[in-house]
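Numbers here simply count residues along the sequence, with the first being 1.
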Amino acid sequence: MHQITVNGNVRKIDYEMNALKTGRWVEAIAVQYAACFSDPSYRSVFLSKNPDRENMLIGAVGRLIGMRVRVCRTKLEGAVDYRGETVFACSEENEENTEGFDSLPFQKIFALCNRLMRSIKAYLPGELQGVPFLGGVKSILLCDGPQDMVDFYLPELAVFGTEKDFRLFHAAGLPADELLAVEPAAQVCAPPAICRRSLAPTREEYLRRMDGVMKKLKEGVIKKIIVARKCTVETTAPFDPFGYAEYLIDRFYQEYFYLFRHGPAQQWIGITPENLFKQRGRQVITIPLAGTIRKTGDAGRDAAALGEATPGSNLVIEHESARDFMVSQLKAANIGKVILARSNEILEMPYAYHLMSEIHVELDETATCFDLLAAMYPPAAVWGIPVNRIEPVIAETEPFAREFYSGLYGYWDFQGNADIALVIRSAKLDAEDRLSVYIGSGIIDCADPEAEWSETESKMQPLVGYFANSAACFSQE
């Protein structure tokens, strides 16, 4: 390990709880003061509900110290970097099989993260251990070449807190007061129209590929799988990502909003309703959502659809398989006491209803957020059951890389706080005039592929409704 000292300052500030304004501020600073940062391409706005149901907001620029894990078939590689230079590295190979891993070794990956976390803690003075590390986990498929999978980092500049308690963190040497005073110009741009869209897979290809999925389900090779789609839209003119963010927050924010960039080519935005877990010290809450009922806007039709969510129905079977799988995984991990607090309730969203349950965990004193990830990720709500048989089916069925979709994004700190979201209801900003939306649905052996296609079309609407002619574009299917 290199001998370094992470220097920085934390202080309380008066700050407005406004994710949109914070996003514009982050972008303005990253562009105007780029020379002040080691890596200004790392930018993030993260808004969530904390365990007390208060809004928690983080706005961050730059990467001061961080951890990455790269994965390939034969080896896991972990590294800690400080201001762009590697200061600690470790790796792990599959000693049981010289040909490598048969499937993604999730537990080994997060065990490696624990090693990296301990390494970072040794560099971090006590007064900085309450500053959030932002980042996430990509949803990858195992292959021969190395792929980036895990990336968490301490920003060089961050505002974070609730309406009652906001703080400013800045690395030593940054002109913090000058940066905090930056007032970004608000832009008002009318949403452009969609001029082109492409589907991966197409509807015909989706239904054909689903034949293979249904065969594996009926033969018992797998019990459940999430099959995803990707829809890319191109617009007649560049669109303002913050205008798009305002549309999403105003209409659909309930649990999470995020807009983040890890490097110049990866900008993601989303309003996921689903957390993997929220942690405060030893207390953990996770609320699995599985089973979706489309909202039509007609009270009678919606009530009739909700009335069909009865024991033994496809919706309840799908939800209970995801819920029971998560409970069993947590208990098997032996990291604390697991309690099923609520079960099979209806959660109303602006665009759909979901079946939900609530699970509480009282962690053992030595357990970390990465022990939780090892026990819980990937959940059945974004992957499938059994975990080790899902990869080849996804590879056969989805003609695109998921990247951050169905992965994770959120924060943790060294005081035992964490909030990790599942990256669903999300999109990648490919260019100033191009957006890719990722949507999936849970498939069990009694699923109807036509109905699953319709469900994903419905889930897509919140993410494309911003554009001027979206209704006309998406009524063509």
Side-chain angles (χ1 to χ4, degrees), residues 2-47 56-68 79-88 117 119-136 151-162 165-186 242 258-264 266-267 409-415 417:
H2 290 60
Q3 295 300 314
I4 64 169
T5 301
V6 178
N7 292 318
N9 295 282
V10 184
R11 71 174 192 260
K12 286 189 175 184
I13 57 172
D14 291 326
Y15 193 80
E16 180 184 358
M17 173 65 75
N18 187 316
L20 186 63
K21 185 177 179 180
T22 298
R24 292 191 185 277
W25 175 75
V26 163
E27 190 71 13
I29 287 174
V31 174
Q32 296 174 29
Y33 292 83
C36 295
F37 294 90
S38 300
D39 189 349
S41 67
Y42 273 74
R43 310 167 198 174
S44 180
V45 180
F46 183 76
L47 178 66
M56 167 73 176
L57 175 63
I58 306 173
V61 185
R63 180 188 181 97
L64 182 58
I65 187 170
M67 55 185 280
R68 293 186 175 96
V80 173
D81 58 278
Y82 176 67
R83 295 192 181 276
E85 299 293 330
T86 299
V87 295
F88 174 78
M117 188 185 197
S119 172
I120 290 175
K121 188 174 184 179
Y123 297 125
L124 212 63
E127 63 268 21
L128 302 186
Q129 296 195 3
V131 181
F133 278 67
L134 285 157
D151 188 357
F152 285 96
Y153 66 98
L154 180 71
E156 294 175 81
L157 177 73
V159 292
F160 61 98
T162 64
D165 183 14
F166 256 102
R167 296 173 187 267
L168 170 70
F169 165 74
H170 63 93
L174 281 179
D177 291 330
E178 181 180 341
L179 296 176
L180 193 59
V182 169
E183 287 285 349
F242 298 105
Y258 41 77
L259 175 62
F260 66 88
R261 184 191 294 272
H262 282 197
Q266 298 182 24
Q267 189 171 24
Y409 196 77
Y411 73 88
W412 51 266
D413 66 28
F414 283 102
Q415 294 181 344
N417 301 301

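Taking every heavy atom of both residues into account, V61 and A30 meet most closely at CG1-CB, 4.0 Å. Among all heavy-atom pairs drawn from W25 and V182, the shortest one is CD1-O, 3.3 Å. Considering all non-hydrogen atoms of both residues, L47 and A19 come closest at CD2-CB, 4.0 Å. Considering every non-hydrogen atom in both L128 and V6, the closest pair reads CD1-O, 3.7 Å. Scanning all heavy atoms of the two residues, the minimum distance from Y123 to S119 falls at CD1-O, 3.3 Å. Among all heavy-atom pairs drawn from D413 and P132, the shortest one is CB-CA, 4.3 Å.
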Please step through side chain to side chain contact (heavy atoms under 4.5 Å, CB included) for the pair H262 and Y153, ending with a clear verdict.
-> CA-CA 10 Å; H262 282 197; Y153 66 98; 3.6 Å; yes

Just do the side chain to side chain contact (heavy atoms under 4.5 Å, CB included) check on D151 and R63 with the steps written out, would you?
-> CA-CA 11 Å; D151 188 357; R63 180 188 181 97; 2.6 Å; yes

Start with the C-alpha gap between F37 and L157, add the side-chain angles, then the distance that decides, and say whether side chain to side chain contact (heavy atoms under 4.5 Å, CB included) holds.
-> CA-CA 9 Å; F37 294 90; L157 177 73; 3.9 Å; yes

Side chain to side chain contact (heavy atoms under 4.5 Å, CB included) assessment of E156 paired with R83 = CA-CA 9 Å; E156 294 175 81; R83 295 192 181 276; 3.3 Å; yes

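You'll find the side chain of M67 stays beyond 4.5 Å of the side chain of F88, heavy atoms only. Counting heavy atoms from C-beta outward, L57 and V45 have side chains that approach closer than 4.5 Å. Inter-residue side-chain proximity for F133 and M117 is flagged as unmet; no heavy-atom pair is nearer than 4.5 Å. Side-chain contact check for E127 versus V10: every heavy-atom pair is 4.5 Å or farther apart. Looking only at side-chain heavy atoms (C-beta outward), H170 and L180 stay at 4.5 Å or farther from each other. Side-chain contact between I120 and F152: absent, with no pair of heavy atoms (C-beta onward) separated by less than 4.5 Å. Two residues are said to be in side-chain contact when any heavy atoms from C-beta on lie closer than 4.5 Å; P155 and L134 meet this criterion. Proximity of L174 to Y33: side-chain heavy atoms (C-beta onward) are nowhere separated by under 4.5 Å.
Distance check, rounded to the nearest 0.5 Å: CZ of F242 to OG1 of T22 gives 10.0 Å. Atom CG of L154 is separated from atom OH of Y82 by 10.0 Å, given to the nearest 0.5 angstrom.
For R24, the side-chain hydrogen bond (donor to acceptor under 3.5 Å, both in side chains) partners two or more places apart in sequence, or in a different chain, are D240. Scanning for side-chain hydrogen bond (donor to acceptor under 3.5 Å, both in side chains) contacts around Q32 gives an empty result, with sequence neighbours left out. Partners of D177 by side-chain hydrogen bond (donor to acceptor under 3.5 Å, both in side chains), not counting sequence neighbours, listed by chain and number: R11.
Checking side-chain atoms of Q415 against main-chain N and O of Q129 turns up no donor-acceptor pair under 3.5 Å.
A ring-centre distance under 6.0 Å is found for Y409 and F260. In this structure, F46 has its ring center no closer than 6.0 Å to that of F160.
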